[in-house]
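Just so it is clear: chains get the letters A, B, ... in the order the sequence lines come, proteins before strands, and each one is counted from 1.
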Amino acid sequence: MLDIKLIRESPDLVRAGLQTRRAPVDIAAVLALDERRRAAITEGDRLKNARNEISRKIGLLKKAGEDTSGIQRQTREMGERIAALDADVRAIEDEQRRLLLAIPNLPHASVPVGEDATGNVVIREWGQKRHFDFPAKDHVALGEALGLFDFARAARMSGAGFPLLTGPGARLARALIQFMLDLHTTRHGYTEVAPPFLVSTAAMTGTGQLPKLAEDMYHVPGDDLWLIPTAEVSVTNIYREEIIRDPLPIKLVAHTPCFRREAGAAGQATRGLIRVHQFDKVELVKFADPATSYAELEALVGDAEDVLQTLGLAYRVLQLCSGDMSFAAAKCYDLELWAPGHQGWLEVSSCSNFESFQARRAEIRWKNPQGKTEFVHTLNGSGVALPRLLVALLENGQQADGSVVLPEVLRPYLGGLDRLTPKT
RNA sequence: GGAGAGAUGGCGGAGUGGCUUAACGCGCCGGUCUUGAAAACCGGAUCCCGCGCAAGCGGGACGGGGGUUCGAAUCCCUCUCUCUCCGCCA
């Protein structure tokens with residue numbers, strides 16, 4: 001949510017920023033409501049001040065045993081006008097909040113202007129893309145031969161897009177999760193949390209998924225709860241409606257399943273594990289001092305990259321352009337792994353600084369060193385998403401005989417296993 | 001699911017219609033004293049909104065919302081959450 005004061009004081013700057021995103025927004029309607037709201041408040045406060053003084057007087061007169069019925073009748077009328085004005089203010093504020101919640105964040109000055117994904121910029125590449133002197137298989141072929149998953153049986157119980165990992169596949173997934181959690185907690189200084197997977201509408205609104213993205217999420221109507229599409233939601237909401245007293249930054253890491261309806265994504269790279277309705281992810285979340293949040297973003301990207309580097313997988317870092325960034329982000333980097341079987345890049349992480357956009361929605365504040373209460377900056381990034389990491393690992397590690405060599409750092413998590421071999 | 005109790009500042013905890021401008025204690029910050037610290041003493045502290053160039057002035061907030069009243073932390077209704085007991089349960 002944007003600051004109404006910023007919109008009021010710099011409407012042209014706000015218009016220009018929103019222009020570079022896909023959604024052009026009517027700022028004039030918000031400003032008109034703001035005008036009406038302030039007028040009603042000023043008038044209401046004036047009346048309340050008068051009423052307070054008279055009420056105080058009535059108390060004194062009554063104590064002195066005097067008749068106050070005339071003056072009371074007069075104040076009663078005043079009370080009715082106050083109640084009407086209060087109702088006006090409430091209605092205006094509801095409408096204003098409704099409009100503000102639908103306005104996306106402003107892009108940071110360093111974000112390239114662009115229409116869509118073609119406007120994204122490659123910042124750097126790391127590692128050598130693997131080449132094989134045999135025909136490379138994709139992860140579906142490899143995984144089926146190795147007995148890592150069973151899409152047919154999973155589809156029978158849940159429909160397409162709900163993977164069933166089996167035997168060594170399930171164990172490899174668990175090893176990767178534990179490896180990532182250990183890396184972030186011991187090497188990067190994050191504190192591990194295990195949050196709820198179902199959250200309230202208020203929590204979803206706090207991080208910006210609602211009201212816009214209701215169609216993309218699973219809803220449990222009986223209890224009015226939502227399945228999280230990312231741990232970002234639960235972890236960021238840990239401090240909702242709080243003034244943080246601990247020193248910043250606060251760095252948290254969580255492993256959770258993620259649930260996404262992927263409405264409208266039918267036909268798009270839906271084979272195998274590339275795009276699924278349920279997947280596991282290790283998520284990094286930071287609550288940062290606004291003065292240093294962009295340095296924290298670079299560090300966060302580095303922490304996610306470290307996962308890929310430690311596993312020895314080639315990747316590239318993209319900076320998203322204004323038109324391709326998600327609703328709440330002010331600046332965003334994507335990490336993409338090279339997948340030799342698909343001959344393409346796979347997004348495994350998205351690292352964003354939301355500045356105060358989420359904090360304002362969720363009312364997450366702190367006491368800055370000057371003693372002022374202000375909104376924190378929130379950041380998060382995948383560190384990283386599991387299924388596509390698994391895809392890249394299989395496709396990069398494949399051998400001519402169909403086996404897959406596993407990275408050394410994973411072997412302690414697999415009882416020393418160094419290679420997956422096809423079922424006989 | 002049933003019955004009961006409760007929700008007050010960073011924490012504990014008073015407060016049953018009008019000097020409450022939320023007592024008191026702990027903790028916190030500043031000051032005095034001290035070589036330094038502790039103790040003692042003095043002082044200060046919340047958040048939101050509006051008006052104002054500013055100093056400042058005003059309004060609102062005692063879990064959320066609504067009501068009664070000239071006036072509500074206090075009375076009424078309602079919702080949420082917490083705790084205790086019972087039932088069920090991995």
Pick the [atom1] atom in [N] and in [M], then give their distance to the nearest Å.
| N | M | atom1 | answer |
| --- | --- | --- | --- |
| B:U8 | B:U82 | P | 14 Å |
| B:A61 | B:A22 | P | 12 Å |
| B:G17 | B:U69 | C1' | 9 Å |
| B:G10 | B:U16 | C1' | 28 Å |
| B:A73 | B:A23 | P | 15 Å |
| B:G25 | B:A39 | P | 16 Å |
| B:G63 | B:U74 | C1' | 16 Å |
| B:A37 | B:C47 | C1' | 35 Å |

Taking the inter-plane angle between the rings of A:His188 and A:His184 on a 0 to 90° scale, is it parallel (under 30°), tilted (30 to 60°) or perpendicular (over 60°)?
tilted
Using a cut-off of strictly less than 4.0 Å, decide whether [X] has a side-chain nitrogen or oxygen near OP1 or OP2 of [N].
| X | N | answer |
| --- | --- | --- |
| A:Arg56 | B:G71 | no |
| A:Asn52 | B:G60 | yes |
| A:Arg38 | B:C51 | yes |
| A:Arg76 | B:C70 | yes |
| A:Arg245 | B:G10 | yes |
| A:Arg51 | B:G71 | yes |
| A:Lys57 | B:G18 | no |

Consider only side-chain N and O atoms of [X] and [Y], and report whether a donor and an acceptor are under 3.5 Å apart.
| X | Y | value |
| --- | --- | --- |
| A:Thr310 | A:Asp306 | yes |
| A:Tyr315 | A:Glu336 | no |
| A:Asp150 | A:Thr166 | no |

What is the separation between atom [atom1] on [X] and atom [atom2] on [N], rounded to the nearest whole Å?
| X | N | atom1 | atom2 | result |
| --- | --- | --- | --- | --- |
| A:Leu225 | B:U80 | CG | C1' | 14 Å |
| A:Leu47 | B:C49 | CG | C1' | 16 Å |
| A:Lys372 | B:U46 | NZ | C1' | 13 Å |
| A:Asn368 | B:C47 | CG | P | 11 Å |
| A:Ile4 | B:C48 | CD1 | P | 17 Å |
| A:Ile71 | B:U69 | CD1 | C1' | 15 Å |
| A:Glu93 | B:G59 | CD | C1' | 13 Å |
| A:Glu363 | B:U46 | CD | C1' | 15 Å |

Mark yes or no for a side-chain to base donor-acceptor pair under 3.5 Å between A:Asp45 and B:G58, with no hydrogen or angle criteria applied.
yes
A:Arg98/A:Glu95 salt bridge by N-O under 4.0 Å criterion:
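A salt bridge links A:Glu95 with A:Arg98.
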So do the side chains of A:Arg260 and A:His277 get within less than 4.5 Å of each other, counting heavy atoms only?
no
Could you check whether [X] gets within reach of a base, just the sugar-phosphate, or nothing at all, counting any heavy atom under 4.0 Å?
| X | answer |
| --- | --- |
| A:Thr75 | sugar-phosphate |
| A:Ile41 | sugar-phosphate |
| A:Arg8 | sugar-phosphate |
| A:Arg46 | nothing |

Please compare A:Asn49 and A:Ile54 by the position of their nearest nucleotide in RNA chain B and report the one closer to 5'.
A:Asn49
First of A:Gly44 and A:Gly79 reached from the 5' end of RNA chain B, by closest nucleotide
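The residue mapped nearer the 5' terminus is A:Gly44.
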For A:Ala203, is there any backbone N or O sitting under 3.5 Å from a side-chain donor or acceptor partner on A:Asn237?
yes
Expected output: side-chain A:Ser352 to main-chain A:Phe354 donor-acceptor under 3.5 Å
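No; zero donor-acceptor contacts below 3.5 Å.
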Please tell me which of the listed nucleotides, [options], lies nearest to the side chain of [X]?
| X | options | value |
| --- | --- | --- |
| A:Lys48 | B:C48, B:G18, B:G59 | B:G59 |
| A:Thr42 | B:G50, B:C48, B:C70 | B:G50 |
| A:Ser55 | B:G60, B:C48, B:G18 | B:G18 |

For [N], give its Watson-Crick or G-U wobble partner with both distances under 3.5 Å, or none.
| N | answer |
| --- | --- |
| B:G58 | B:C49 |
| B:A90 | none |
| B:A7 | B:U80 |
| B:C24 | B:G12 |
| B:G71 | none |
| B:U32 | B:A40 |

